[in-house]
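Since the structure comes first, as structure tokens, the remarks are kept for the end.
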Amino acid sequence: MNVYDMQKEVLRLKEEQNACILAHSYVAREISEIADFVGDSYQLSVKASQVPNQKVIMCGVRFMAETVKILSPEKTVYLANPIAGCPMAEQMDKAMISQVKEMYPDYVVMAYVNTTAELKTIADVCVTSSSAVKIAKALKEDKILFIPDCNLGAFVAKQVPDKTVKLLQGGCPVHAAVKGSAVTEAKKAHPNALVLVHPECVPAVTEQADYVGSTSGIMDFAKQSSAKEFIIGTEISIAEHLQYDCPDKMFYPLTKHLICPNMKATTLVDLYRVLRGEFGEEIILDGETIAQARKCIDKMIELGG
Ligand code: 13P
Ligand code: SF4
């Protein structure tokens with residue numbers, strides 16, 4: 001079967017089963033072309049609480065499928081490829097953060113959505129890269145323990161200077177590996193390009209950027225801008241999607257190393273096999289975890305909307 005025939009077959013099976021395909025913007029082009037909805041983590045979370053279908057297939061990473069299950073426990077939710085995890089989400093666990101909480105009893109725990117369902121059970125509020133600053137401003141409390149991403153946390157702290165933000169040493173191994181010198185080199189190679197980066201990058205990178213935002217924020221900025229050239233400092237797929245969407249503009253990945261192997265793990269064939277009942281993992285979470293973890297996600301949607 002070629003790619004085109006497989007896409008048609010996926011669409012046919014999806015209709016037959018009344019399934020909904022959700023895809024993060026980092027996944028492969030041949031999947032995003034046929035997904036029911038493509039977006040950043042915040043948009044996917046909101047969508048997850050709204051879709052009418054009984055069966056939902058997440059083409060993204062595990063914490064995203066868990067978020068769908070937490071928001072719609074009555075649905076059958078599949079992670080299209082079970083090996084697609086997010087290393088950052090595994091960096092801190094409930095036992096560790098419970099101990100840290102004891103050291104900072106008067107701080108609210110603000111958890112990046114890139115955390116496990118278990119860890120979300122002890123968070124006060126969840127955030128995504130697109131909603132973190134807005135939510136930090138909206139919170140009535142002024143002491144925040146931000147987990148696990150110290151780079152997103154530092155970005156939030158800078159935008160909300162009247163609050164105290166405590167950071168821990170976690171982060172995205174893909175984005176955090178980009179050095180400030182990469183921006184200098186990319187600007188030298190493309191002097192007319194604007195630099196758009198994700199807040200998971202280190203401050204030495206974000207401080208040199210023309211725009212810092214989530215994957216959807218970066219895409220919207222590039223589409224609406226009158227500029228013609230852009231250096232894209234997030235997963236390499238975003239530069240590719242933008243190049244399709246805006247063929248008259250030029251998009252240069254900030255470095256060729258900005259590749260998330262977990263987001264690349266899911267293929268169109270995986271999706272096809274999930275719909276044939278041969279692959280994928282059904283997300284199972286116990287009722288107590290769902291009830292506890294849901295509180296911080298509901299608060300994110302309430303304050304971030
Ligand atoms: P977004 O919130 O921009 O979707 O980011 C998710 C992610 O995993 C980035 O690495
Ligand atoms: Fe996790 Fe980083 Fe991959 Fe996003 S890019 S899924 S934060 S490892």
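Please read these numbers as outputs of a predicted model, since none were measured by experiment.
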F221 and Y211 aromatic ring geometry - parallel, tilted or perpendicular at 30°/60° bounds: parallel
Chi angles and distances behind the side-chain contact (heavy atoms from CB on, under 4.5 Å) call for I236, H257: CA-CA 8 Å; I236 212 152; H257 304 294; over 6 Å; no
Donor-acceptor contact below 3.5 Å, side chain K120 vs main chain V113: yes
Check: V195 and K187 side chains under 4.5 Å, non-hydrogen atoms: yes
Donor-acceptor contact below 3.5 Å, side chain Q208 vs main chain G180: yes
Under 3.5 Å side-chain donor-acceptor pair for S130 and T128: yes
Derivation and outcome, side-chain contact (heavy atoms from CB on, under 4.5 Å), residues D5 and K8: CA-CA 5 Å; D5 288 340; K8 280 206 295 199; 3.9 Å; yes
Nearest-0.5 Å distance, CZ of residue F230 to CE of residue M219: 12.0 Å
Atom of T266, atom of N81 and distance for their closest heavy-atom approach: OG1-CB, 3.6 Å
Plane angle bin for Y252 and H190 - parallel if under 30°, tilted between 30 and 60°, otherwise perpendicular: parallel
same_hphob_cluster(V156, L145) at 4.5 Å side-chain heavy-atom cutoff: no
Donor-acceptor contact below 3.5 Å, side chain K166 vs main chain Y107: no
Transitive ILVMFWY side-chain link V38 to V274, under 4.5 Å: no
H175 side chain near N151 side chain, heavy-atom distance below 4.5 Å: no
Heavy-atom pair of closest approach, residues M92 and Q169: CE-C, 4.1 Å
Within one Ile-Leu-Val-Met-Phe-Trp-Tyr cluster: V127 and I147, side-chain cutoff 4.5 Å: no
Any donor-acceptor N/O pair, K69 side chain to E282 backbone, under 3.5 Å: no
E207 side chain reached by K158 side chain, heavy atoms, under 4.5 Å: yes
Any donor-acceptor N/O pair, Q54 side chain to N18 backbone, under 3.5 Å: no
Closest approach of P87 to N262 (non-hydrogen atoms, all atoms of both residues): CD-ND2, 3.5 Å
Nearest heavy-atom neighbours spanning V61 and C86: CG2-CB, 4.0 Å
Backbone N/O of G171 and side chain of Q91: donor-acceptor pair under 3.5 Å: yes
Single-linkage hydrophobic cluster Y104~F146, side-chain heavy atoms < 4.5 angstrom: no
Same apolar cluster (I L V M F W Y, side chains within < 4.5 Å links), V125/I122: no
Check: K75 side chain, P52 main-chain N or O, donor-acceptor pair, under 3.5 Å: no
Exam field: side chain S49 to backbone V46, donor-acceptor pair closer than 3.5 Å: yes
Pairwise side-chain contact, M110 with L139, heavy-atom cut-off 4.5 Å (strictly under): yes
Polar contact flag, side-chain donor to acceptor under 3.5 angstrom, Y26-T234: yes
Neighbour count >12 (heavy atoms, 6.0 Å) for atom CD, E16: yes
Pairwise side-chain contact, V133 with F155, heavy-atom cut-off 4.5 Å (strictly under): yes
Student check: side-chain heavy atoms of E235 and I259 closer than 4.5 Å: yes
Close side-chain approach of F37 and C20, heavy atoms under 4.5 Å: no
Closest heavy-atom pair and its distance - G60, M263: CA-SD, 4.1 Å
From V68, V56, L71, residue fulfilling side-chain contact (heavy atoms from CB on, under 4.5 Å) relative to V51: V56
Residues N114, E200; criterion side-chain contact (heavy atoms from CB on, under 4.5 Å); working and verdict: CA-CA 11 Å; N114 299 39; E200 287 175 10; 4.0 Å; yes
Worked verdict on I144 versus V160 for side-chain contact (heavy atoms from CB on, under 4.5 Å): CA-CA 11 Å; I144 297 169; V160 191; 5.9 Å; no
Donor-acceptor under 3.5 Å (Q99 side chain, A95 main chain): no
Residue K223 excluded, over 12 heavy atoms near NZ under 6.0 Å: yes
For Q243 against F251, the heavy-atom pair lying closest together: OE1-N, 3.1 Å
Any donor-acceptor pair under 3.5 Å from K249 side chain to A222 backbone: yes
Distance, nearest 0.5 Å, that separates CD of E240 from CG of D245: 10.5 Å
Atom pair CG/CG of D36 and L11 - distance to nearest 0.5 Å: 8.5 Å
E9/R12 ion pair, N-O < 4.0 Å: yes
Inter-residue atom distance S237.OG - I31.CD1, 0.5 Å rounding: 11.0 Å
Distance, nearest 0.5 Å, that separates CZ of R62 from OG1 of T116: 11.0 Å
Contact check, side chains of K228 and N192, non-hydrogen atoms, under 4.5 Å: no
Gap between atom CG of L194 and atom CD1 of I232 - 0.5 Å precision: 9.0 Å
